[in-house]
Visitor: 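Questions regarding the structure given below will be posed in turn.
No experiment lies behind these values; they were computed from the predicted model shown.
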Protein chains: 2
Amino acid sequence: MDESDNKATQATAEDYFVPADAGSRHTIFPGVQIQTMAGNQIMLSLVTFEPDSQVLDHAHPHEQVGMLLSGNLEFTVGGITKTLGPGDKWRIPGGVRHAVKAVNGPATALDVFNPIREDYL
Amino acid sequence: MDESDNKATQATAEDYFVPADAGSRHTIFPGVQIQTMAGNQIMLSLVTFEPDSQVLDHAHPHEQVGMLLSGNLEFTVGGITKTLGPGDKWRIPGGVRHAVKAVNGPATALDVFNPIREDYL
(Lines give C-alpha, C1' and ligand atoms only; values in the text may rest on other atoms or scores of the structure.)
Protein backbone atom coordinates (compact mmCIF):
# COMPACT_ATOMS: atom_id res chain seq x y z
CA MET A 1 0.00 0.00 0.00
CA ASP A 2 1.57 3.31 -1.01
CA GLU A 3 0.98 6.65 0.66
CA SER A 4 -1.97 7.63 -1.54
CA ASP A 5 -3.78 4.40 -0.65
CA ASN A 6 -3.14 5.10 2.99
CA LYS A 7 -4.60 8.59 2.75
CA ALA A 8 -7.66 7.32 0.89
CA THR A 9 -8.60 5.03 3.77
CA GLN A 10 -7.70 7.46 6.59
CA ALA A 11 -10.76 8.76 8.41
CA THR A 12 -10.93 12.48 9.16
CA ALA A 13 -12.77 14.56 11.79
CA GLU A 14 -15.49 15.24 9.22
CA ASP A 15 -16.21 11.51 8.94
CA TYR A 16 -16.93 11.25 12.66
CA PHE A 17 -18.22 14.69 13.73
CA VAL A 18 -20.93 16.84 12.14
CA PRO A 19 -21.45 20.41 13.47
CA ALA A 20 -24.91 21.51 14.64
CA ASP A 21 -25.36 23.84 11.67
CA ALA A 22 -24.41 21.22 9.05
CA GLY A 23 -26.52 18.57 7.40
CA SER A 24 -28.91 18.25 4.50
CA ARG A 25 -32.04 20.41 4.81
CA HIS A 26 -35.45 19.69 3.33
CA THR A 27 -38.95 21.12 3.75
CA ILE A 28 -41.00 17.92 3.79
CA PHE A 29 -44.43 19.52 4.42
CA PRO A 30 -45.47 23.17 4.80
CA GLY A 31 -43.93 24.38 8.06
CA VAL A 32 -42.04 21.12 8.64
CA GLN A 33 -38.27 21.26 8.05
CA ILE A 34 -35.68 18.56 8.55
CA GLN A 35 -31.89 18.58 8.86
CA THR A 36 -30.36 15.15 8.35
CA MET A 37 -27.12 13.30 8.99
CA ALA A 38 -26.43 9.89 7.48
CA GLY A 39 -24.24 7.22 8.98
CA ASN A 40 -23.94 3.84 7.31
CA GLN A 41 -27.26 2.25 8.28
CA ILE A 42 -28.66 4.95 10.59
CA MET A 43 -29.97 8.39 9.61
CA LEU A 44 -30.70 11.18 12.10
CA SER A 45 -33.32 13.75 11.15
CA LEU A 46 -33.79 16.83 13.32
CA VAL A 47 -37.34 18.02 12.66
CA THR A 48 -38.72 21.51 13.38
CA PHE A 49 -42.49 22.01 13.30
CA GLU A 50 -44.12 25.42 13.03
CA PRO A 51 -47.32 25.77 15.08
CA ASP A 52 -50.16 23.62 13.67
CA SER A 53 -47.94 22.19 10.93
CA GLN A 54 -48.38 18.53 10.10
CA VAL A 55 -46.83 15.51 8.45
CA LEU A 56 -49.64 13.82 6.56
CA ASP A 57 -50.43 10.14 6.90
CA HIS A 58 -47.83 8.02 5.10
CA ALA A 59 -45.71 4.88 5.42
CA HIS A 60 -42.23 3.77 4.33
CA PRO A 61 -40.32 0.51 4.56
CA HIS A 62 -37.73 2.03 6.94
CA GLU A 63 -38.06 1.55 10.67
CA GLN A 64 -38.47 4.92 12.43
CA VAL A 65 -37.91 5.75 16.10
CA GLY A 66 -37.58 9.17 17.70
CA MET A 67 -37.80 11.46 20.68
CA LEU A 68 -39.62 14.75 21.19
CA LEU A 69 -37.13 17.47 22.17
CA SER A 70 -39.52 20.39 22.73
CA GLY A 71 -43.21 21.23 22.35
CA ASN A 72 -46.13 18.88 21.85
CA LEU A 73 -46.96 16.54 18.98
CA GLU A 74 -50.21 14.74 18.29
CA PHE A 75 -48.90 11.48 16.85
CA THR A 76 -50.99 8.83 15.11
CA VAL A 77 -49.33 5.47 14.45
CA GLY A 78 -51.22 2.49 13.06
CA GLY A 79 -54.51 4.17 13.90
CA ILE A 80 -53.55 4.92 17.53
CA THR A 81 -53.34 8.62 18.49
CA LYS A 82 -51.44 10.07 21.46
CA THR A 83 -50.34 13.59 22.40
CA LEU A 84 -46.65 13.61 23.32
CA GLY A 85 -44.49 15.96 25.40
CA PRO A 86 -40.72 16.50 25.70
CA GLY A 87 -38.79 13.28 26.25
CA ASP A 88 -41.58 11.03 25.01
CA LYS A 89 -40.47 8.52 22.35
CA TRP A 90 -41.98 6.59 19.46
CA ARG A 91 -41.13 3.45 17.52
CA ILE A 92 -42.75 2.77 14.18
CA PRO A 93 -42.04 -0.54 12.45
CA GLY A 94 -41.44 -0.36 8.69
CA GLY A 95 -44.66 -0.22 6.69
CA VAL A 96 -46.88 1.12 9.51
CA ARG A 97 -48.81 4.28 8.56
CA HIS A 98 -48.26 7.38 10.68
CA ALA A 99 -49.07 11.11 10.84
CA VAL A 100 -47.98 13.95 13.12
CA LYS A 101 -49.34 17.39 14.02
CA ALA A 102 -47.72 20.14 16.12
CA VAL A 103 -50.17 21.23 18.83
CA ASN A 104 -49.85 24.08 21.38
CA GLY A 105 -47.10 25.88 19.42
CA PRO A 106 -43.88 24.88 17.70
CA ALA A 107 -42.06 21.61 18.33
CA THR A 108 -38.68 20.00 17.72
CA ALA A 109 -38.06 16.26 17.37
CA LEU A 110 -35.21 13.92 16.57
CA ASP A 111 -36.19 11.11 14.20
CA VAL A 112 -34.03 8.09 13.41
CA PHE A 113 -34.33 5.84 10.36
CA ASN A 114 -32.90 2.44 9.50
CA PRO A 115 -31.85 1.95 6.80
CA ILE A 116 -30.88 5.37 5.40
CA ARG A 117 -33.71 7.30 3.71
CA GLU A 118 -32.13 8.09 0.35
CA ASP A 119 -34.79 10.76 -0.28
CA TYR A 120 -33.52 12.72 2.77
CA LEU A 121 -29.82 12.74 1.84
CA MET B 1 -58.31 -16.71 13.03
CA ASP B 2 -60.22 -16.62 16.35
CA GLU B 3 -60.46 -13.64 18.67
CA SER B 4 -57.41 -14.57 20.75
CA ASP B 5 -55.23 -14.72 17.63
CA ASN B 6 -56.52 -11.33 16.63
CA LYS B 7 -55.64 -9.82 20.01
CA ALA B 8 -52.20 -11.37 19.93
CA THR B 9 -51.30 -9.55 16.72
CA GLN B 10 -53.04 -6.26 17.54
CA ALA B 11 -50.56 -3.46 18.28
CA THR B 12 -51.28 -1.27 21.29
CA ALA B 13 -50.27 2.28 22.28
CA GLU B 14 -47.43 0.79 24.35
CA ASP B 15 -45.93 -0.78 21.22
CA TYR B 16 -45.66 2.59 19.50
CA PHE B 17 -45.26 5.18 22.29
CA VAL B 18 -42.87 5.18 25.25
CA PRO B 19 -43.26 7.89 27.95
CA ALA B 20 -40.30 10.08 28.90
CA ASP B 21 -39.94 8.41 32.30
CA ALA B 22 -39.99 4.85 30.95
CA GLY B 23 -37.15 2.76 29.55
CA SER B 24 -34.40 0.52 30.81
CA ARG B 25 -31.86 2.29 33.05
CA HIS B 26 -28.21 1.38 33.47
CA THR B 27 -25.16 3.05 35.03
CA ILE B 28 -22.51 2.25 32.42
CA PHE B 29 -19.62 4.16 34.04
CA PRO B 30 -19.39 6.16 37.28
CA GLY B 31 -21.58 9.24 36.79
CA VAL B 32 -22.83 8.08 33.37
CA GLN B 33 -26.41 6.83 33.24
CA ILE B 34 -28.44 5.67 30.27
CA GLN B 35 -32.16 5.18 29.66
CA THR B 36 -32.86 3.06 26.60
CA MET B 37 -35.72 2.23 24.24
CA ALA B 38 -35.47 -0.61 21.74
CA GLY B 39 -37.25 -0.77 18.42
CA ASN B 40 -36.61 -3.66 16.06
CA GLN B 41 -33.21 -2.73 14.66
CA ILE B 42 -32.70 0.69 16.28
CA MET B 43 -32.01 1.44 19.95
CA LEU B 44 -32.21 4.92 21.48
CA SER B 45 -30.07 5.63 24.54
CA LEU B 46 -30.55 8.88 26.44
CA VAL B 47 -27.26 9.49 28.26
CA THR B 48 -26.73 11.80 31.26
CA PHE B 49 -23.18 12.69 32.24
CA GLU B 50 -22.29 14.13 35.61
CA PRO B 51 -19.50 16.79 35.50
CA ASP B 52 -16.13 15.24 34.56
CA SER B 53 -17.63 11.76 34.14
CA GLN B 54 -16.33 9.68 31.27
CA VAL B 55 -16.98 6.69 29.07
CA LEU B 56 -13.66 4.92 28.73
CA ASP B 57 -12.19 3.91 25.38
CA HIS B 58 -14.04 0.93 23.89
CA ALA B 59 -15.49 -0.45 20.68
CA HIS B 60 -18.49 -2.58 19.69
CA PRO B 61 -19.69 -4.05 16.41
CA HIS B 62 -22.82 -1.85 16.43
CA GLU B 63 -22.91 1.36 14.45
CA GLN B 64 -23.44 4.35 16.78
CA VAL B 65 -24.63 7.84 15.90
CA GLY B 66 -25.87 10.56 18.23
CA MET B 67 -26.53 14.18 19.05
CA LEU B 68 -25.50 16.31 22.02
CA LEU B 69 -28.61 17.75 23.70
CA SER B 70 -26.97 19.89 26.40
CA GLY B 71 -23.53 20.63 27.81
CA ASN B 72 -20.14 19.87 26.31
CA LEU B 73 -18.47 16.55 25.52
CA GLU B 74 -14.86 15.90 24.63
CA PHE B 75 -15.27 13.06 22.16
CA THR B 76 -12.48 10.89 20.79
CA VAL B 77 -13.30 8.63 17.85
CA GLY B 78 -10.68 6.59 16.02
CA GLY B 79 -7.95 8.69 17.63
CA ILE B 80 -9.50 12.05 16.61
CA THR B 81 -10.60 14.31 19.49
CA LYS B 82 -13.13 17.14 19.26
CA THR B 83 -15.05 19.15 21.88
CA LEU B 84 -18.74 19.23 21.02
CA GLY B 85 -21.61 21.54 21.96
CA PRO B 86 -25.40 21.25 21.83
CA GLY B 87 -26.70 20.08 18.45
CA ASP B 88 -23.35 18.67 17.33
CA LYS B 89 -23.55 15.08 16.04
CA TRP B 90 -21.31 12.03 15.76
CA ARG B 91 -21.22 8.89 13.63
CA ILE B 92 -19.07 5.96 14.67
CA PRO B 93 -18.87 2.94 12.36
CA GLY B 94 -18.99 -0.45 14.05
CA GLY B 95 -15.62 -1.53 15.45
CA VAL B 96 -14.11 1.97 15.74
CA ARG B 97 -12.78 2.78 19.22
CA HIS B 98 -14.23 5.79 21.02
CA ALA B 99 -14.23 7.56 24.40
CA VAL B 100 -16.17 10.50 25.83
CA LYS B 101 -15.69 12.94 28.70
CA ALA B 102 -18.08 15.57 30.06
CA VAL B 103 -16.32 18.93 30.22
CA ASN B 104 -17.55 22.27 31.64
CA GLY B 105 -20.31 20.65 33.71
CA PRO B 106 -23.02 18.05 33.13
CA ALA B 107 -24.18 16.95 29.69
CA THR B 108 -27.04 15.07 28.05
CA ALA B 109 -26.82 13.17 24.77
CA LEU B 110 -28.99 10.94 22.64
CA ASP B 111 -27.16 7.91 21.26
CA VAL B 112 -28.51 5.56 18.61
CA PHE B 113 -27.35 2.01 17.93
CA ASN B 114 -27.93 -0.40 15.06
CA PRO B 115 -28.51 -3.22 15.63
CA ILE B 116 -29.96 -3.33 19.16
CA ARG B 117 -27.40 -3.51 21.99
CA GLU B 118 -28.66 -6.52 23.90
CA ASP B 119 -26.53 -5.48 26.91
CA TYR B 120 -28.55 -2.24 27.19
CA LEU B 121 -32.03 -3.83 27.13
Side-chain angles (χ1 to χ4, degrees), chain A residues 10-23 35-46 62-70 73-98 108-116, chain B residues 10-23 35-46 62-70 73-98 108-116:
Chain A
Q10 189 82 35
T12 65
E14 290 68 33
D15 293 317
Y16 297 141
F17 303 112
V18 176
D21 60 356
Q35 181 188 355
T36 67
M37 180 193 79
N40 292 318
Q41 297 295 325
I42 309 171
M43 173 175 270
L44 294 185
S45 174
L46 184 62
H62 315 70
E63 182 180 3
Q64 178 178 344
V65 308
M67 187 175 90
L68 188 51
L69 301 179
S70 67
L73 290 177
E74 184 187 275
F75 224 121
T76 300
V77 180
I80 300 173
T81 297
K82 196 171 169 76
T83 299
L84 306 180
D88 290 343
K89 302 175 189 72
W90 49 91
R91 45 189 177 192
I92 309 169
V96 174
R97 301 194 71 84
H98 51 287
T108 311
L110 190 66
D111 265 323
V112 185
F113 299 99
N114 165 257
I116 302 300
Chain B
Q10 188 81 35
T12 66
E14 289 69 33
D15 293 317
Y16 297 140
F17 303 113
V18 176
D21 61 355
Q35 180 188 355
T36 66
M37 180 193 80
N40 293 318
Q41 297 295 325
I42 310 171
M43 174 175 269
L44 293 186
S45 175
L46 185 62
H62 315 70
E63 181 180 4
Q64 176 177 346
V65 309
M67 188 174 91
L68 187 51
L69 301 179
S70 67
L73 290 178
E74 184 187 276
F75 224 121
T76 301
V77 180
I80 300 173
T81 298
K82 196 170 168 77
T83 299
L84 306 180
D88 289 344
K89 302 175 191 71
W90 49 90
R91 47 188 175 193
I92 309 169
V96 175
R97 301 195 71 85
H98 52 287
T108 311
L110 189 66
D111 265 324
V112 184
F113 298 100
N114 166 256
I116 301 299

Visitor: Considering only heavy atoms and a distance below 4.5 Å, find which of Ala38(B), Gly79(B), Gly94(B) pairs most often with chain A.
Guide: Ala38(B)
Visitor: Does any part of the side chain of Phe113(B), heavy atoms only, come nearer than 4.5 Å to the side chain of Thr36(B), both counted from C-beta?
Guide: no
Visitor: Among Glu63(A), Met67(A), Gln41(A), which has the most heavy-atom pairs under 4.5 Å with chain B?
Guide: Glu63(A)
Visitor: Checking heavy atoms, do the side chain of Leu68(B), its backbone, both or neither come under 4.5 Å from chain A?
Guide: neither
Visitor: Okay, side chain of Gln64(A), backbone of Trp90(A): is any donor-acceptor separation there less than 3.5 Å?
Guide: no
Visitor: Would you indicate whether the side-chain heavy atoms of Lys89(A) and Val65(A) approach each other to under 4.5 Å?
Guide: no
Visitor: Please identify, among Val96(A), Asp15(A), Leu110(A), the residue contributing the most non-hydrogen atom pairs under 4.5 Å to chain B.
Guide: Asp15(A)
Visitor: Non-hydrogen atoms of chain A under 4.5 Å away: do they reach the side chain of Phe75(B), the backbone, both or neither?
Guide: both
Visitor: Between Asp21(B) and chain A, which part of the residue has a heavy atom less than 4.5 Å away: side chain, backbone, both or neither?
Guide: neither
Visitor: Who passes ring pair (Phe, Tyr, Trp, His ring centres under 6.0 Å) against His98(A), sequence neighbours left out?
Guide: His58(A), His60(A)
Visitor: What residues form a side-chain contact (heavy atoms from CB on, under 4.5 Å) with Ala22(B), not counting sequence neighbours?
Guide: Val18(B), Pro19(B)
Visitor: Under 4.5 Å heavy-atom distance to chain A, tell me which part of Ile42(B) shows up: side chain, backbone, both or neither.
Guide: both
Visitor: Let me confirm one number: the CG-CG distance from Asn40(B) to Asn114(A), rounded to the nearest 0.5 Å.
Guide: 9.5 Å
